[in-house]
Asks: 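Below you will find the structure I want to go over with you.
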Amino acid sequence: MTTESRRPVAPGELAPDFSLPAVDRPETISLADYRGRSPVFLALFVGLWCPFCRRSIAQMGKVEGKLKTLGVETLGIVATSRENAQLYFKYRPSRMRLASDPEMSTHRAYRLPKPEPTPEFLKELETVRINPYGEFPAPVPVVEAAVAITKQDGYTETETDKADVQRQWPQLKGQFMIDRDGIVRWANIECAEGAAGVGKFPSEEEILAAARALPR
């Protein structure tokens, strides 16, 4: 899979700061808010058009409480407008704290890859078979998986979603465990091991293991 040449932010590096509007209340969320106070599990999603992101946000909401018992706060950044996110989470609330970043400034700051949609990339994507949540009898094509999950979730795409996908696809996603001093201690980048990783997010066990490994 062809990607941009810059490597994503890696363990041992200082996590780039950001200041973004919160989804659920009229306030600004900054990574600096957590500095010296608590570690942070940071998940960078694309827009709500992405069925894998929507499913992962729901799952992260369930992990949030377990991370909190380990002293780790959870923060998700959704690459859509605050208004679009508010509409969605009004009916599908999440316990995870969420911020809006429609321009994907945090994706760039954390140097997450955005592959070039070359003919070679598109051909590779067509041949990939995935089963990110283990719910299909066997791995299926990426588009087929996305359509099936969208149907299962009963999701209806908005005009904002349509505009977001035009600007964002095929931006990759990433998750970072950041200690209380602002240093990245663990990172997971979508497709880091190849196109078969499309739509795959870290498991609850992987996230909790990363949290337990944080320096005390």
Side-chain angles (χ1 to χ4, degrees), residues 4 6 8-10 13-61 63-65 67-68 72-114 158-190 201-202 207 210-211:
E4 294 175 347
R6 293 198 311 159
V9 170
E13 293 187 53
L14 182 66
D17 198 7
F18 51 80
S19 185
L20 299 166
V23 168
D24 64 339
R25 63 194 68 182
E27 65 181 26
T28 298
I29 297 175
S30 171
L31 186 62
D33 297 341
Y34 301 91
R35 190 73 53 81
R37 182 170 66 85
S38 71
V40 181
F41 173 65
L42 175 67
L44 304 185
F45 303 99
V46 290
L48 293 169
W49 57 267
C50 171
F52 309 115
C53 292
R54 298 193 307 267
R55 184 64 65 86
S56 182
I57 289 170
Q59 293 181 342
M60 291 300 102
V63 181
E64 184 268 350
L67 285 171
K68 188 162 287 186
V72 179
E73 296 293 332
T74 304
L75 174 61
I77 296 178
V78 187
T80 193
S81 69
R82 184 170 181 265
E83 294 74 20
N84 194 48
Q86 284 179 322
L87 178 63
Y88 178 79
F89 291 107
K90 177 181 179 180
Y91 299 101
R92 301 172 181 83
S94 173
R95 290 186 295 180
M96 178 167 53
R97 196 179 189 198
L98 293 163
S100 167
D101 183 14
E103 301 307 319
M104 299 193 303
S105 61
T106 44
H107 289 73
R108 291 192 297 274
Y110 282 76
R111 305 193 296 272
L112 293 182
K114 184 178 182 184
T158 68
E159 289 302 316
T160 300
D161 293 333
K162 293 176 183 178
D164 285 346
V165 70
Q166 290 297 320
R167 292 184 298 108
Q168 297 172 3
W169 189 83
Q171 174 67 57
L172 301 183
K173 286 76 77 177
Q175 302 80 37
F176 303 86
M177 193 67 71
I178 304 168
D179 70 18
R180 58 171 44 89
D181 294 321
I183 304 299
V184 174
R185 295 295 179 174
W186 171 91
N188 178 80
I189 310 301
E190 184 183 21
F201 288 81
I207 296 169

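The model shown is predicted, which means the values in this text are computed figures rather than measured ones. Computed over heavy atoms, backbone and side chain alike; hydrogens, waters and symmetry mates excluded.
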Asks: With sequence neighbours excluded, tell me which residues meet side-chain hydrogen bond (donor to acceptor under 3.5 Å, both in side chains) with Q166.
Replies: none

Asks: Can you tell me how far CG of L48 sits from OG1 of T160, rounded to the nearest 0.5 angstrom?
Replies: 9.5 Å

Asks: With sequence neighbours excluded, tell me which residues meet side-chain hydrogen bond (donor to acceptor under 3.5 Å, both in side chains) with D17.
Replies: S30

Asks: Could you check if a side-chain atom of Q168 sits within less than 4.5 angstrom of a side-chain atom of W49, using non-hydrogen atoms only?
Replies: yes

Asks: Heavy-atom distance under 4.5 Å between the side chains of M60 and I207, does that happen here?
Replies: yes

Asks: Mind checking ring-ring contact (aromatic ring centres under 6.0 Å, His included) for Y34 and listing every partner two or more places apart, or none if nothing turns up?
Replies: none

Asks: Taking atom SG of C50 and atom CH2 of W169, what is their separation to the nearest 0.5 Å?
Replies: 12.0 Å

Asks: Only counting residues at least two apart or in another chain, list the ones meeting side-chain hydrogen bond (donor to acceptor under 3.5 Å, both in side chains) with S105.
Replies: D101

Asks: Of all heavy-atom pairs between N188 and Q175, which one has the smallest distance, and what is that distance?
Replies: ND2-OE1, 2.6 Å

Asks: Nearest heavy-atom pair of L14 and G182: which atoms, and what distance?
Replies: CD1-O, 3.3 Å

Asks: What I'd like to find out is whether the side chain of H107 reaches to under 4.5 Å of the side chain of V46, using heavy atoms alone.
Replies: yes

Asks: So how far is it from L31 CG to L20 CG, rounded to the nearest 0.5 Å?
Replies: 10.0 Å

Asks: What are the two closest non-hydrogen atoms of Q171 and P113, and how far apart are they?
Replies: NE2-O, 3.0 Å

Asks: What are the two closest heavy atoms between G174 and L112, and how far apart are they?
Replies: N-CD1, 3.6 Å

Asks: For R185, what residues pass the salt bridge (charged side-chain N to carboxylate O under 4.0 Å, His left out) criterion, not counting sequence neighbours?
Replies: D179

Asks: Under the side-chain hydrogen bond (donor to acceptor under 3.5 Å, both in side chains) test, which residues partner E73, sequence neighbours left out?
Replies: none

Asks: Check side-chain contact (heavy atoms from CB on, under 4.5 Å) between E64 and all other residues, then give those that pass, not counting sequence neighbours.
Replies: K68, T74, R95

Asks: Who passes salt bridge (charged side-chain N to carboxylate O under 4.0 Å, His left out) against R97, sequence neighbours left out?
Replies: E27

Asks: Atom OG in S56, atom CE in M96: separation rounded to 0.5 Å?
Replies: 7.0 Å

Asks: Who passes side-chain contact (heavy atoms from CB on, under 4.5 Å) against A211, sequence neighbours left out?
Replies: L67, L70, V72, M177

Asks: I'd like to check the ring-ring contact (aromatic ring centres under 6.0 Å, His included) partners of Y88; sequence neighbours left out, ordered by chain and number.
Replies: Y155

Asks: Ignoring hydrogens and geometry, is there a side-chain-to-backbone donor-acceptor pair from R167 to P102 under 3.5 Å?
Replies: yes

Asks: Would you give me the side-chain donor-acceptor pairs under 3.5 Å for residues 76-85, sequence neighbours excluded?
Replies:
from : atom 1 : to   : atom 2 : distance (Å)
T80  : OG1    : N84  : ND2    : 3.0
T80  : OG1    : D164 : OD2    : 2.7
S81  : OG     : N84  : N      : 3.1
R82  : NE     : A22  : O      : 2.6
R82  : NH2    : R25  : O      : 3.0
N84  : OD1    : T158 : OG1    : 3.2
N84  : ND2    : D161 : OD1    : 3.1

Asks: Which value, rounded to the nearest 0.5 Å, describes the distance between L98 atom CG and I29 atom CD1?
Replies: 7.5 Å

Asks: Shortest non-hydrogen contact from C53 to G47?
Replies: CB-O, 4.4 Å

Asks: Distance from K173 atom NZ to I189 atom CD1, nearest 0.5 Å?
Replies: 11.5 Å

Asks: For A15 and V184, which heavy atoms make the closest approach, and how far apart are they?
Replies: CB-CG2, 3.8 Å

Asks: Is there a side-chain contact between V9 and R111 in this structure, where contact means two heavy atoms from C-beta onward sitting under 4.5 Å apart?
Replies: yes

Asks: Apply ring-ring contact (aromatic ring centres under 6.0 Å, His included) to F176 and list each qualifying residue two or more places apart in sequence or on a separate chain.
Replies: Y110

